[in-house]
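The block underneath contains the structure these notes are about, expressed in C-alpha cells.
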Amino acid sequence: MTDMLDRSARNTLEDFATGRLSPVDYMEALISRVEVSEPHVAALWAFSPERSLDAARAAEKRWRDGVPTGPLDGMPVSVKELIATEGEPVPLGTAATDLVPAAQDAPTAARLREAGAIMFAKTTCPDYGMLTSGLSSFHALSRNPWDVSQNPGGSSAGAASAAAAGYGPLHIGTDIGGSIRLPAGLTGIFGLKPSHGRVPVAPFYTGRCVGPMTARADDAAILMHVISRPDWRDATALPPEALDYDAAPLPPTGLRIGLMLDAGCGLDPDPEVTAAVTHAADVFAQGGARIVPIEGVLTRDMLDGLDVAWRARFWSQMEKLPTENRDRILPYIRQWAEAGADAKATEVADGFDAMFRMRVATAEAMHGLDAILSPVNPNVSYPAEWASPTNDPARPFEHICFTVPWNMGEQPACSVNCGFSRSGMPIGLQIVAPRFHDVRVLSMARWWEEARGAGPNWPRFDGPRRETEAVKTRP
C-alpha cells in the first residue's frame, strides 16, 4: 500500500485524526518506497527507519487517545541537512566538516518537532550548499527521479529528489540564490521561498530563507503554518503574523502581472522553457489578468559583484580549516572560492553592495505590479555529474539570474510545474509577489495548478537498481 504516499498532506492528517489511517501504516509504506527508490536517486542522509517507526507508534496512540502533540503529529517530513537537528551532525554537504552532533534544533526543526512531525531523514546538498547540483564530497550523488542520468538541481537537491520520488508530500529546503526553486523546477515539484524573515532561520544571512518543497501548493501551506512560528534566534525575522496560507485559489481577474522572459544577463532560456512560461502567461491572461512584458532586473555587474563577495566570504571560512580538511572540499567549490583570496577589499565591498543594487532593482520592477511570472531555470536539464549547468567554476552563477534577485529583494517567490520538455524533463514557472505577500504567491500557484489540470505523472521505481544507475559513494 504505497498509494497513500501520493495523497495530500491535508487528507493524510485528516485520516490520522479520524482513525481511517494509522501513522504506523503510513510510515511502513514510506520506508518501503525509500528502500526501493534510494538506490536510484540517493536523496537521503541519516535515514532512521526504526526510530521513525517508534515515533509513528507513539503518534498512533496519541491520535487514538485524542491528544495529538500538534497539527503534524505522525506526519513524516524530511529536512535539508544544513538545518540542524539535535543530536545529529551537520555536514554542510562537505567531507571537510568534522561530524559533531548538533547541540539543539535549528528554528525550523524545533517548530516541526513541536508540531509532532516525524523528521524521518535529512536530505542531501552539495558542499556548503553552493551548487545547483546533487554533487557533493560527502553525500552520494543525488539524481533526478525523472531521468537518473540528469541533475536534480540544488542546493536542496535531496529534498527535490525525495519529493519527486514520492517520499511523502512534505520536505524542507533552504534558498539563498534559488536553492529551493531551481531544484523544484527541475523535478516538477512546488517550492516556495518565503519573504525574507517569514520563516525564522539560524544562522541567518542576507537572502537566506527556509521554505517548503512539496508535491503541491496546498502541502506547502500546511508547512507554512508551522515553520513560520517565531524564534528569537533570527534577528532578521519578521513580526509573527497569522496569515491565511489556506486561502482559496486567487483568480487573476484584474491582476497586473509582469512577464519576464529575459533575466538581463546569464544563460539565455531554452526555447522550450520560454514556450512553457509564455503559455502559462497566456492562461493567466485568459483568466482575466493583464500581462505586461517587462525587462530583466539583473545586470552583469550585479551578478559578478555577488560572485566576488561570495567567493571572498567562503574563502575566509575555508582558509581557517586545517589543511587536511580543506583538501577534502569538492575541487569545483574550492577552486571557485580560492579566487576570492585575490579579491581587493574594495571589490568585495562593491560586491556586497551589489546585493543592495539588486534590492533596488526588484523594488522598481515590482512597482505597479501584482506579481511577476518568469522561468525558474533557463535550462531544461544537465548531467547528474555536473556541478552546475555550465560546469565551470569561472562562470558559477549564469543559471540563477531569474531567481537570485528575489532573495536580495526579499520578495516571496515559488516554482510550480508548467510543462515538460520534449525529453520529458519538468519545466518550472516562477511566480513572484511584492514583499510580505506570501499568501498571494500560494493562492496564485493554487489557481495555476487548477487551471493547468492534472499534475505531473510522478516517476516511481520498482525492482533492483540497474548498473547504469549506480551512484557515487562517499570518499
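It should be emphasised that the depicted structure is a prediction, and the values quoted were computed from it without experimental measurement. Atoms considered below: every heavy atom in the structure, side chains included; atoms not considered: hydrogens, waters and symmetry mates.
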Is it true that [Y] and [X] share a donor-acceptor pair across their side chains at a distance under 3.5 Å?
{"X": "Glu272", "Y": "Ser421", "value": "no"}
{"X": "Glu60", "Y": "Ser22", "value": "yes"}
{"X": "Ser388", "Y": "Thr132", "value": "no"}
{"X": "Arg62", "Y": "Thr69", "value": "yes"}
{"X": "Lys122", "Y": "Ser78", "value": "no"}
{"X": "Ser161", "Y": "Tyr167", "value": "no"}
{"X": "His139", "Y": "Glu81", "value": "yes"}
{"X": "Ser133", "Y": "Asn151", "value": "yes"}
{"X": "Asn11", "Y": "Ser8", "value": "yes"}
{"X": "Asn144", "Y": "Thr187", "value": "no"}
{"X": "Arg181", "Y": "Gln430", "value": "yes"}

So, does [X] use its side chain to make a donor-acceptor pair with the main chain of [Y] at under 3.5 Å?
{"X": "Lys80", "Y": "His171", "answer": "no"}
{"X": "Thr253", "Y": "Gly287", "answer": "yes"}
{"X": "Ser136", "Y": "Pro126", "answer": "no"}
{"X": "Asn325", "Y": "Leu321", "answer": "no"}
{"X": "Arg446", "Y": "Pro249", "answer": "no"}
{"X": "Arg208", "Y": "Pro203", "answer": "yes"}
{"X": "Ser179", "Y": "Ser155", "answer": "yes"}
{"X": "Ser137", "Y": "Ala95", "answer": "yes"}
{"X": "Glu38", "Y": "Ala43", "answer": "yes"}
{"X": "Thr94", "Y": "Ala96", "answer": "yes"}

Rounded to the nearest 0.5 Å, what's the gap from [atom1] on [X] to [atom2] on [Y]? Could you check?
{"X": "Ile172", "Y": "Ile83", "atom1": "CD1", "atom2": "CD1", "result": "6.5 Å"}
{"X": "Asp127", "Y": "Trp336", "atom1": "CG", "atom2": "CH2", "result": "11.0 Å"}
{"X": "Leu223", "Y": "Leu170", "atom1": "CG", "atom2": "CG", "result": "4.5 Å"}
{"X": "Cys414", "Y": "Arg440", "atom1": "SG", "atom2": "CZ", "result": "13.0 Å"}
{"X": "Ile189", "Y": "Asn417", "atom1": "CD1", "atom2": "CG", "result": "10.5 Å"}
{"X": "Asp147", "Y": "Ser423", "atom1": "CG", "atom2": "OG", "result": "7.5 Å"}

Side-chain touch [X]/[Y], heavy atoms, less than 4.5 angstrom:
{"X": "Asp15", "Y": "Leu13", "result": "no"}
{"X": "Val226", "Y": "Pro71", "result": "yes"}
{"X": "Thr390", "Y": "Tyr382", "result": "no"}
{"X": "Leu182", "Y": "Asp175", "result": "no"}
{"X": "Phe284", "Y": "Pro251", "result": "no"}
{"X": "Ile118", "Y": "Val77", "result": "no"}
{"X": "Phe397", "Y": "Val404", "result": "no"}
{"X": "Val273", "Y": "Asn377", "result": "no"}

Residue pair Met75, Ile222: steps toward the side-chain contact (heavy atoms from CB on, under 4.5 Å) verdict: CA-CA 11 Å; Met75 193 70 198; Ile222 293 284; over 6 Å; no

Shortest non-hydrogen separation from [X] to [Y] and the atoms involved:
{"X": "Lys193", "Y": "Asn407", "answer": "CD-ND2, 3.4 Å"}
{"X": "Pro152", "Y": "Ser142", "answer": "CD-O, 3.4 Å"}
{"X": "Leu44", "Y": "Phe120", "answer": "CD1-CE1, 4.1 Å"}
{"X": "Pro107", "Y": "Val201", "answer": "CG-C, 4.2 Å"}
{"X": "Pro459", "Y": "Pro145", "answer": "CB-O, 3.4 Å"}
{"X": "Ala384", "Y": "Val148", "answer": "CB-O, 4.1 Å"}

Full working for side chain to side chain donor-acceptor pair (under 3.5 Å) between Thr85 and Asp105: CA-CA 4 Å; Thr85 50; Asp105 287 333; 5.3 Å; no

I'd like to know if [X] and [Y] make a salt bridge, using a cut-off of under 4.0 Å between side-chain N and carboxylate O.
{"X": "Asp327", "Y": "Arg334", "answer": "yes"}
{"X": "Arg51", "Y": "Glu88", "answer": "yes"}
{"X": "Glu86", "Y": "Arg113", "answer": "no"}
{"X": "Glu28", "Y": "Arg33", "answer": "no"}
{"X": "Asp219", "Y": "Arg216", "answer": "yes"}
{"X": "Glu114", "Y": "Arg111", "answer": "yes"}

Parallel, tilted or perpendicular: rings of Phe16 and Trp63 (30°, 60°): tilted

Positive for side-chain contact (heavy atoms from CB on, under 4.5 Å) with Leu243, one of Arg198, His225, Met224: Arg198

Criterion salt bridge (charged side-chain N to carboxylate O under 4.0 Å, His left out) on Arg233 and Asp231, from CA distance to verdict: CA-CA 6 Å; Arg233 290 172 287 179; Asp231 193 295; 2.9 Å; yes

Worked check of side-chain contact (heavy atoms from CB on, under 4.5 Å) between Phe47 and Ile31: CA-CA 9 Å; Phe47 175 46; Ile31 291 168; 4.1 Å; yes

Ring-face cation contact, Tyr205 with Arg313, 6.0 Å cut, 45° max: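 Yes.
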
Residues in ring pair (Phe, Tyr, Trp, His ring centres under 6.0 Å) contact with Phe204, at least two apart in sequence or another chain: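 Counting only residues at least two positions away or on another chain, Phe204 forms no ring pair (Phe, Tyr, Trp, His ring centres under 6.0 Å).
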
Qualifying residues under ring pair (Phe, Tyr, Trp, His ring centres under 6.0 Å), relative to Phe420, sequence neighbours excluded: Trp146

Working for side-chain contact (heavy atoms from CB on, under 4.5 Å), residues Phe402 and Val376: CA-CA 6 Å; Phe402 284 108; Val376 178; over 6 Å; no

Neighbour count >12 (heavy atoms, 6.0 Å) for atom CG, Asp65: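 Yes, the 6.0 Å shell around CG holds more than 12 heavy atoms from other groups.
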
